[in-house]
Amino acid sequence: MAELLATAALTKRFNGLTAVNEVDFRVSEGETAGVIGPNGSGKTTLFNLLSGFFPPSSGEIRFDAASITRLPPHRRVALGIARTFQLVSVFSTLSVWENAVLAVLRFQPGGIRPGPFFFRSARRAPVLERCAEALARVGLTGKAALPVAGLSYGDKRMLEIGITLALRPRLLLLDEPLAGLSDHEIARVVELIRSLRGQFTVVIIEHKISKILELVERLSVMNEGRLICEGAPGEVLADPRVRACYWGKEAPAC
Amino acid sequence: MTFMPERAAFSVQPAARGALLRELALLAAGLLLLALVIRVHWMADFAVFFILVLSFDLLYGYMGHLSFGHMLYFGAGAYGAALWLVYGNASAWAALAVGLAAAAGMAALLGGVVLRTRGASFALINMAFNEIGHFLVQSPLAAYTLGEDGLSCTADPLFGAISLYEDRWAFAFCGAVLLAVYALLRLLTRSPFGLLVRSIRENESRVRFLGYDTFRFKWIAFVIASTIAALAGGLFTLVQGFVSPRVISPFGNVDVIFAVLIGGAGSLAGALIGAAAFLAIKNFLPVIIPELSRLLDVKLPQWELWLGVVLLLIVFSLRGGIVGTVQARLRNRKPAGEAQ
Ligand SMILES: Nc1ncnc2c1ncn2[C@@H]1O[C@H](COP(=O)(O)OP(=O)(O)O)[C@@H](O)[C@H]1O
Ligand SMILES: [Mg+2]
């Protein structure tokens with residue numbers, strides 16, 4: 001499989017603390033990969049580096065063989081790197097479909113045309129069909145007109161994934177998409193992620209291994225900022241280093 | 001999975017085509033009614049203030065960027081027009097155009113600086129630039145602006161017939177510009193651009209992860225808001241025939257902020273209602289209070305104190321201003337007592 005993303009000795013230091021330490025992380029086109037690790041092991045920081053939230057202290061990020069190390073977030077989104085956030089982040093002062101309009105409009109064929117973008121009512125946006133599609137995909141069609149502020153956490157998570165998919169990403173980064181959800185909601189999100197396999201390249205951060213074990217083809221384990229082990233999920237879980245760091249620290253998560 | 005996007009299920013009410021026209025008619029009717037109640041002499045000034053408050057609402061109410069330096073652009077529009085009338089020719093249109101161009105150019109340049117900050121820094125750095133503009137007009141440029149003495153100027157009648165020094169024409173012209181500004185802002189704020197501006201208010205960083213270069217769009221909104229403020233300033237010059245450093249003083253900004261807060265930030269109707277309420281407080285309380293004092297035979301405090309009381313009321317009980325509170329009441333009528 002072709003390599004889509006690769007980091008070289010990627011490092012992020014926060015005064016004194018090295019949150020991500022010399023990480024070489026690779027993602028192949030089309031795969032669904034998982035990143036696990038104890039709390040505070042640097043998983044979110046890794047996503048922040050990949051998505052351009054902040055620049056690395058040192059090291060390099062290549063996407064599609066071109067360096068993106070210093071690109072701002074919006075340029076990375078244009079290249080195809082889209083992400084969700086550990087704490088759901090959608091626009092709660094807008095309605096559900098308005099969230100979708102923002103996401104769909106950015107990468108509509110032909111780009112942003114000033115006339116309709118500045119002067120036409122968003123309710124007549126030429127992208128409403130695609131918004132409907134984006135919302136249907138995450139099961140929010142019936143809630144399109146509702147203000148986001150009133151949605152359940154699970155619906156907000158579905159919306160966040162929905163608008164992120166509407167960006168037509170080549171690489172989708174999901175930061176703990178299941179955290180904070182009820183069992184019922186977890187089933188919905190897992191089903192959604194399963195339906196993405198093969199269509200999108202996905203990297204999922206998860207704290208509880210069991211939840212994503214059957215979702216991912218490859219697993220990477222982080223501990224104290226380092227990538228300590230990579231491979232097929234079965235092999236990785238059997239690795240003594242993983243067992244030591246993961247199971248040594250907290251109650252078994254499986 | 002297959003998708004069957006049905007319009008019926010995707011229940012977004014398309015915008016009614018005639019809504020904008022209805023709102024404009026309502027606004028025009030409101031202005032005419034106001035002109036019947038108070039002296040027409042004041043109406044042009046009021047329309048100018050309405051335009052200024054609307055421009056501020058785009059920046060603060062919709063985009064969440066509170067500026068203490070918005071009067072710089074009002075003043076640039078006012079002085080640009082006045083200087084043209086004194087040193088150029090007497091064309092009102094050319095004067096307006098010069099004022100707008102001067103302010104737009106300044107906003108385009110300074111926007112590149114101020115928009116790199118946010119929150120308190122944004123408010124204060126704007127005020128710093130405003131102070132510089134105020135100072136420049138007062139002394140270094142006094143050879144042209146005549147400093148504190150101010151600048152008298154006269155414009156030829158519009159179309160050779162409409163004299164802006166007649167109260168009715170001044171009101172008609174400023175009122176027409178106000179309607180045009182309202183229409184423009186209505187379109188802008190309901191468009192996808194309006195959604196983007198509102199999303200920047202809520203969480204700018206998140207917007208960048210939807211692929212938008214937020215700086216560019218903030219800059220566009222800043223230049224639009226500043227240019228509309230300059231339009232208000234240019235009109236002020238045309239109808240007053242006189243400008244002094246007062247028009248570019250950052251102190252004027254306080255009135256604008258109060259007006260937006262009273263009416264409800266982030267709504268055009270709120271801005272207009274707030275501006276009207278503020279003008280009522282500022283213009284009528286100073287008249288009414290001495291009368292009341294005499295009638296009741298007690299010494300009532302000055303009007304500024306009552307403005308302070310109104311603001312306290314709004315901060316503590318009418319969050320969202322008049323319009324925001326009414327909307328919340330209407331929304332909550334069915335389920336009782338749900339906390340906001
Ligand atoms: N912006 C930041 N500033 C300072 N320290 C941070 C910041 N972000 C993360 N950290 C620290 O970096 C470490 C790794 O955090 P994080 O990447 O969020 O871990 P994980 O997602 O694996 O739980 C933690 O010790 C955290 O406190
Ligand atoms: Mg995390």
Side-chain angles (χ1 to χ4, degrees), chain A residues 51-53 72-79 81-85 89-99 101-103 105-107 112 114-125 127-137 141-147 163-164 166-167 192 195, chain B residues 1-17 19-20 61-64 183-217 220-221 224 265-266 320 324 327 331 335 338 340:
Chain A
S51 62
F53 199 88
H74 65 270
R75 297 274 306 278
R76 300 192 198 202
V77 179
L79 289 176
I81 302 178
R83 70 171 294 185
T84 64
F85 290 79
S89 183
V90 284
F91 298 101
S92 57
T93 53
L94 305 181
S95 70
V96 170
W97 69 269
E98 285 171 334
N99 273 267
V101 167
L102 278 181
L105 207 59
R106 179 63 189 89
F107 298 108
I112 292 179
F117 185 76
F118 286 96
F119 297 111
R120 188 174 313 162
S121 166
R123 290 164 186 269
R124 294 183 196 286
V127 292
L128 284 188
E129 296 299 332
R130 277 186 49 210
C131 293
E133 232 171 84
L135 294 180
R137 164 166 239 158
T141 306
K143 296 179 177 167
L146 296 183
I163 63 177
T164 310
L167 301 172
L192 174 63
S195 78
Chain B
M1 265 200 274
T2 54
F3 310 116
M4 299 284 290
E6 288 171 44
R7 266 309 169 86
F10 185 73
S11 54
V12 172
Q13 297 284 321
R17 285 245 179 234
L20 174 57
Y62 283 90
M63 201 163 74
L184 173 69
L185 287 176
R186 213 333 270 243
L187 292 176
L188 283 175
T189 53
R190 306 255 172 131
S191 69
F193 173 70
L195 288 183
L196 188 64
V197 162
R198 284 160 60 201
S199 66
I200 286 173
R201 171 182 66 192
E202 185 178 337
N203 187 349
E204 183 189 341
S205 160
R206 183 64 177 95
V207 185
R208 307 178 80 205
F209 290 93
L210 292 180
Y212 292 95
D213 180 2
T214 51
F215 185 83
R216 239 180 77 202
F217 293 99
I220 291 171
I224 293 173
Q327 280 173 348
R331 224 180 294 124
E338 205 181 324
Q340 278 290 352

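Bear in mind that the values here come from a model prediction, so they are computed numbers and not experimental data. Within every chain, numbering begins at 1; the chains are lettered A, B, ... in the order of the sequence lines, protein sequences first and strands thereafter. Heavy atoms only: backbone and side chains are in, while hydrogens, waters and symmetry mates are out.
- Residues A/V101 and B/L195 are in side-chain contact: their nearest non-hydrogen atoms beyond the backbone lie under 4.5 Å apart.
- Applying the ring pair (Phe, Tyr, Trp, His ring centres under 6.0 Å) rule to A/F118 yields the partners B/F193; only residues at least two apart in sequence or on another chain are considered.
- A/F85 pairs by the ring pair (Phe, Tyr, Trp, His ring centres under 6.0 Å) definition with B/F209, not counting sequence neighbours.
- Listed here is the closest heavy atom pair of B/L210 and A/L167: O-CD2, 3.5 Å.
- Inter-residue side-chain proximity for A/L94 and B/S199 is flagged as met; some heavy-atom pair is nearer than 4.5 Å.
- Using a 4.5 Å cut-off on side-chain heavy atoms (C-beta onward), A/H74 and B/Y212 make no contact.
- Side-chain contact between B/S191 and A/F119 is absent, with no heavy-atom pair separated by less than 4.5 Å.
- Neither the backbone nor the side chain of B/F215 comes within contact range of chain A; no heavy atoms are under 4.5 Å apart.
- Residue contact with chain A, scored on non-hydrogen atoms closer than 4.5 Å, involves the side chain of B/S205 exclusively.
- Heavy atoms of A/V90 lying under 4.5 Å from chain B belong exclusively to its backbone.
- Counting only distance, with no hydrogens or angles, the side chain of B/R208 and the backbone of A/P73 share no donor-acceptor pair below 3.5 Å.
- Side-chain contact between A/R123 and B/R190 is absent, with no heavy atoms from C-beta onward closer than 4.5 Å.
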